[in-house]
Amino acid sequence: MKKEIIGSCLMLMMFAGVNMQCKPAAQQRELPVEAVLELDSTRVGVSTLISDLNVPWEIAWGPDDQIWFTEQSGTVSKVDPKTGIKKQLIAIPEVYRQRSLGLLGMAVSKDPEQPYVFVDYTHMNADSSIVSRLVRYTYTADTLKDPFTLIELPGNTGHNGSRVAIAPDGKVFLSTGDAANGLNAPDTASINGKTLRFNFDGSIPADNPYRNSPVWSSGHRNIQGLVFSDKGHLFASEHGDAIEDEVNYIQRRHYYGWPFIEGPADLPAEKAHADSFAFTAPMRSWTPTIAPAGVDYYGSRQIPEWHNSILLGTLKAASLRVLSLNEAQDSILKEEIYFAGKFGRLRDICVAPNGDIYIATSNRDWNPGKGFPLPHDDRIIRLSALQRGTKIPATAEILKAAAPQAAGISKGQSLYKNYCESCHKPDGKGVPGSFPSLDQSAVVNGPAAALIRTVLNGKTGANPGEQMPAFAFMKDDEIAALLTYIRGSWNNRADSVPVAAISRLRSSK
């Protein structure tokens, strides 16, 4: 049989006039099954495809059936899902990486007549101003060349977005953050806080909603995920402030409310704004926030329980969310949660044509969770439906959907975990240079009134990502429980905070 294969290959090369040796195709590498996720009727194997990466921010299935990915430090590479062999395609020296800035979104054209790769990255100019750039490269011979800038827009030390997606009609979409100025988002004269739509050459499509403008939708704070479904619907995940992270169905000329509306417009001022301005509510929102990141659409039946779903990775919640859609794909029917805390922060998701799912972790970024990064982080993990009869290694961990939070946790501790822990950490030590320590803090242990005012009003920081949002949306008894927990935890020994103190300061504003 081997001789027949070699002989056939030689005949084909002779017919084509090629003078070279015939090499057998690369064998698919068997990935060890590290864990098994048990669904209703499907067992999903969890394996590591590649490790020791430098914060992969975008992963996408390429036209060569390999997984293309960006690393935040400024490289674009690809990895063969059959062999695990990585090849770097380009290093972009213009990338400015700091905290959440760097080489971010990417989209790879599958049109052989237009072999383009679109990447978005932050850059610092000579005058120290920060910009975001959407740049088109041409892909040839495992190299990216001929950079062409489609657009450069104002950036900031946070809230730069951004994701890139190619629509079924061949248009390029870019999500932009509000550049830490919420009033950019509803202003259609600004290109921050938007989704933007371009032709491949950077020109403005004639059917865009605003003449000579790339703006497609407005009212966005900081979109972190962008994907088209099999019906051509565009979905986005978006970071809220202290409340209401969102998943939105993005439509032409629609306005999504930021900064005047967060979530479903359920507060009096939000309702009044929604009555005055046409507003599109999110398909789903989360309070407490979960820090939604990359999304992909799952249309395969290899994992039938997840068919017709949005797959969402989260950072703060460190979980995979499966959001099942209705047939029209305009509402979410249910949400299931997997891997809570198991692999750390999940930055992006890629679905292969065969139904396998690839997830990139983000544990070597600027704000890792407790216990992370693990050795050999960051990784790209593969989820694959196992055939019946597949032998499961004895060392494989059996996983299920996340269970409800266990009882026995105090109200104050629960509120801290939901609203404060991602920044100030479980031990109250914060992140040096970004988020202050609450342990032995003079503000925490000082007069309660000053601490209450900070919580009610928020606090600005040197960087947008360091700003403490106002928590005035919380009830008086919730703030009292939260602050009492903080003032009595770790090495703090301050008095409890009565509900009356919060009510009094709130009414005196």
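These numbers come from a predicted model, not from an experiment. Only this structure's heavy atoms are used, side chains among them; waters, hydrogens and symmetry mates stay out.
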Next on the checklist: Testing the 3.5 Å rule here: is there a donor-acceptor pair between the side chains of Gln329 and Asn308?
Outcome noted: yes
Item to check | Arg487: partners by salt bridge (Lys or Arg N to Asp or Glu O under 4.0 Å), with sequence neighbours left out | outcome: none
Next on the checklist: Do Asn160 and Asn156 pair up side chain to side chain, a donor and an acceptor below 3.5 Å, judged on atom types alone?
Outcome noted: no
Checklist entry - When the ring planes of Trp306 and Tyr338 are compared, do they come out parallel, tilted or perpendicular, using 30° and 60° as the limits? => result tilted
Checklist outcome for this item: Separation between CD1 (Ile380) and CG (Leu53), nearest 0.5 Å, reads 5.5 Å
Next on the checklist: According to ring-ring contact (aromatic ring centres under 6.0 Å, His included), who are the partners of Tyr121, at least two apart in sequence or on a separate chain?
Outcome noted: none
Checklist entry - Any salt bridge (charged side-chain N to carboxylate O under 4.0 Å, His left out) pairs touching residues 262-289, not counting sequence neighbours? => result Arg284-Glu335
Checklist entry - In chain order, what residues pass the ring-ring contact (aromatic ring centres under 6.0 Å, His included) check against His233, with sequence neighbours excluded? => result Tyr249
Next on the checklist: So which atom in Arg345 and which in Asn367 form the shortest heavy-atom distance, rounded to 0.1 Å?
Outcome noted: NH1-O, 3.2 Å
Item to check | Contacts of Tyr416 that satisfy ring-ring contact (aromatic ring centres under 6.0 Å, His included) - sequence neighbours left out | outcome: Tyr485, Trp490
Item to check | Residues which pass ring-ring contact (aromatic ring centres under 6.0 Å, His included) with Tyr210, listed by chain and number, not counting sequence neighbours | outcome: none
Next on the checklist: Ignoring hydrogens and geometry beyond distance, is a side-chain donor-acceptor pair present between Ser162 and Ser175 at under 3.5 Å?
Outcome noted: no
Item to check | Within residues 436-446 or reaching into it, pairs that qualify as salt bridge (charged side-chain N to carboxylate O under 4.0 Å, His left out) - sequence neighbours excluded | outcome: Lys429-Asp439
Checklist entry - Any chance the side chains of Lys316 and Thr289 put a donor and an acceptor closer than 3.5 Å? => result yes
Item to check | By salt bridge (Lys or Arg N to Asp or Glu O under 4.0 Å) - contacts of Glu238 (at least two apart) | outcome: none
Item to check | Contacts of type salt bridge (Lys or Arg N to Asp or Glu O under 4.0 Å), residue Asp245, not counting sequence neighbours | outcome: none
Checklist outcome for this item: Residues passing the side chain to side chain donor-acceptor pair (under 3.5 Å) test with Ser132, sequence neighbours excluded, are none
Item to check | Arg252 atom CZ: more than 12 heavy-atom contacts under 6.0 Å | outcome: yes
Checklist entry - Is a side-chain donor-acceptor pair under 3.5 Å present for Ser362 with Asp365? => result yes
Item to check | Side chain to side chain, Met474 and Leu415, heavy atoms closer than 4.5 Å | outcome: yes
Checklist entry - Which residue pairs pass the salt bridge (charged side-chain N to carboxylate O under 4.0 Å, His left out) test when at least one of the two sits in residues 172-188, sequence neighbours left out? => result none
Next on the checklist: Is it the case that the side chains of Arg321 and Ser319 hold a donor-acceptor pair, with the cut-off being a distance below 3.5 Å and no angle test?
Outcome noted: yes
Item to check | Pairs satisfying side chain to side chain donor-acceptor pair (under 3.5 Å), at least one member in residues 41-55, at least two apart | outcome: Glu34-Thr48, Glu38-Arg43, Ser41-Glu305, Thr42-Glu305, Thr48-Arg379, Asp52-His376, Asn54-Ser73, Asn54-Arg97
